[in-house]
Asker: 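I'd like to ask some things about the structure below.
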Amino acid sequence: MERLMEQKPIAKIRVTDLVEESGLSRQTFYRHFRDIYDLIDWTHQEKTRLAFELIDVDADITHVWVVCLRLMARSKNFYQQVITTSGCNSFYNGYYLRCQNNLLRMAGGRERCDDAMLFTIRFTAAGITQMITEWITDGMAQPPEEMAKLLVESMPAKYLQAHKSQKSRG
């Protein structure tokens with residue numbers, strides 16, 4: 001997919017292009033992915049897997065974000081193209097849901113969160129998603145370390161305390 005993205009915009013890439021480029025059959029593609037947006041989401045997950053594996057072992061939330069943003073910066077062209085997708089299957093919507101789920105994990109899971117904390121997590125996920133989108137749109141000009149620091153400093157104290165409590169239980 002990334003080789004095709006170097007040749008044309010993501011909006012012009014079809015499943016036919018992907019199977020021709022990869023040598024796989026359409027059936028194989030659809031056995032693994034619902035559509036191109038599903039492939040985009042899977043690709044993002046693979047690119048940032050290391051960062052999100054750190055959630056379970058690293059108490060330093062800033063470090064987790066630095067690793068994630070560095071991994072994303074390595075694939076700048078990919079992210080600058082996928083951020084342009086729109087609709088219910090857009091990268092933005094998928095990133096928001098994944099961010100929300102990861103924030104829940106870092107806070108100890110849904111069962112440890114009251115309604116106010118769940119609201120805080122949704123609110124935080126929305127803000128992070130918007131700021132990451134702007135970071136990508138602006139060409140990732142801000143270094144990942146700076147961006148991570150700003151993201152964490154902007155998180156509500158209530159959430160940071162829940163994360164800290166979860167890690168100390170860990």
Side-chain angles (χ1 to χ4, degrees), residues 1-18 21-22 29 32-107 118-157 159-160 163:
M1 174 174 227
E2 290 186 67
R3 280 192 300 258
L4 288 170
M5 290 169 72
E6 291 171 8
Q7 299 167 13
K8 56 181 160 180
I10 194 161
K12 302 269 187 198
I13 297 174
R14 304 288 174 242
V15 172
T16 302
D17 301 322
L18 292 169
E21 176 75 19
S22 68
F29 177 85
H32 296 282
F33 306 105
R34 290 184 311 266
D35 52 26
I36 288 178
Y37 300 104
D38 196 28
L39 174 60
I40 289 169
D41 187 54
W42 178 85
T43 303
H44 168 65
Q45 288 179 57
E46 288 300 306
K47 288 181 176 301
T48 58
R49 178 180 306 282
L50 173 64
F52 294 106
E53 287 173 355
L54 288 174
I55 290 171
D56 297 324
V57 296
D58 193 339
D60 183 356
I61 193 170
T62 303
H63 181 248
V64 172
W65 278 109
V66 167
V67 172
C68 180
L69 296 172
R70 282 179 181 166
L71 292 167
M72 290 175 72
R74 287 183 189 166
S75 299
K76 186 175 177 178
N77 183 53
F78 170 79
Y79 286 104
Q80 287 184 319
Q81 286 208 40
V82 299
I83 204 68
T84 66
T85 60
S86 59
C88 63
N89 291 326
S90 69
F91 177 78
Y92 185 94
N93 289 344
Y95 193 91
Y96 167 76
L97 291 173
R98 188 152 319 287
C99 185
Q100 183 178 333
N101 288 335
N102 285 320
L103 290 171
L104 265 171
R105 260 178 68 205
M106 288 189 265
L118 292 173
F119 177 86
T120 299
I121 287 171
R122 287 192 312 273
F123 181 84
T124 303
I128 288 170
T129 301
Q130 182 61 38
M131 297 316 298
I132 294 292
T133 300
E134 290 180 22
W135 180 67
I136 294 167
T137 302
D138 293 342
M140 300 179 174
Q142 199 162 26
E145 297 76 12
E146 260 181 56
M147 186 66 178
K149 184 176 183 242
L150 289 170
L151 289 174
V152 174
E153 287 175 352
S154 299
M155 289 180 173
Y159 174 77
L160 292 171
H163 171 69

Asker: Quick check against the 3.5 Å criterion: does Q81 have a side-chain atom that pairs as donor or acceptor with the backbone of I10?
Answerer: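 Yes, Q81 side chain to I10 backbone: donor-acceptor pair under 3.5 Å.
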
Asker: More than 12 foreign heavy atoms under 6.0 Å from OH of Y37: is that the case here?
Answerer: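 No, the 6.0 Å shell around OH holds no more than 12 heavy atoms from other groups.
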
Asker: Not counting sequence neighbours, which residues clear salt bridge (Lys or Arg N to Asp or Glu O under 4.0 Å) with E145? List them please.
Answerer: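 Result, salt bridge (Lys or Arg N to Asp or Glu O under 4.0 Å) vs E145: R70.
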
Asker: Between Y79 and F91, does the ring centroid distance fall short of 6.0 Å?
Answerer: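 Centroid distance Y79-F91: below 6.0 Å, so yes.
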
Asker: Is the side chain of Y159 donor-acceptor paired with the backbone N or O of L103 at a distance under 3.5 Å, no angle test?
Answerer: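 Indeed, once roles are kept as given, a pair shorter than 3.5 Å links the two residues.
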
Asker: With a 3.5 Å distance limit and no angle check, can you tell me whether D17 reaches the backbone of R14 through a side-chain donor-acceptor pair?
Answerer: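 Pair found, side chain donor or acceptor close to backbone of R14.
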
Asker: Donor-acceptor check, side chain of K8 to backbone of I13, threshold 3.5 angstrom: yes or no?
Answerer: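 Not at all, since once roles are kept as given, no pair shorter than 3.5 Å links the two residues.
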
Asker: Would you say R98 and D41 make side-chain contact, with heavy atoms under 4.5 Å?
Answerer: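 In short, these two side chains touch, coming nearer than 4.5 Å.
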
Asker: Take atom CZ in F33; do more than 12 heavy atoms of anything else shown fall under 6.0 Å from it?
Answerer: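 Counting other residues, nucleotides and ligands, CZ of F33 exceeds 12 neighbours.
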
Asker: Closest approach of S90 and N93, non-hydrogen atoms and distance?
Answerer: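 So the minimum-distance heavy-atom pair works out to OG-N, 3.1 Å.
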
Asker: When you compare the side chain of I136 with that of I132, does any pair of heavy atoms fall below 4.5 Å?
Answerer: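 With C-beta onward as the side chain, the pair touches.
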
Asker: Within the 4.5 Å heavy-atom criterion, are M5 and V82 side-chain neighbours or not?
Answerer: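 They are in side-chain contact.
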
Asker: Distance-only criterion, 3.5 Å: show the donor-acceptor pairs between side-chain atoms of residues 148-156 and protein atoms not counting sequence neighbours.
Answerer:
| residue | atom | partner | partner atom | Å |
| --- | --- | --- | --- | --- |
| K149 | NZ | E153 | OE2 | 3.4 |
| S154 | OG | L150 | O | 2.8 |

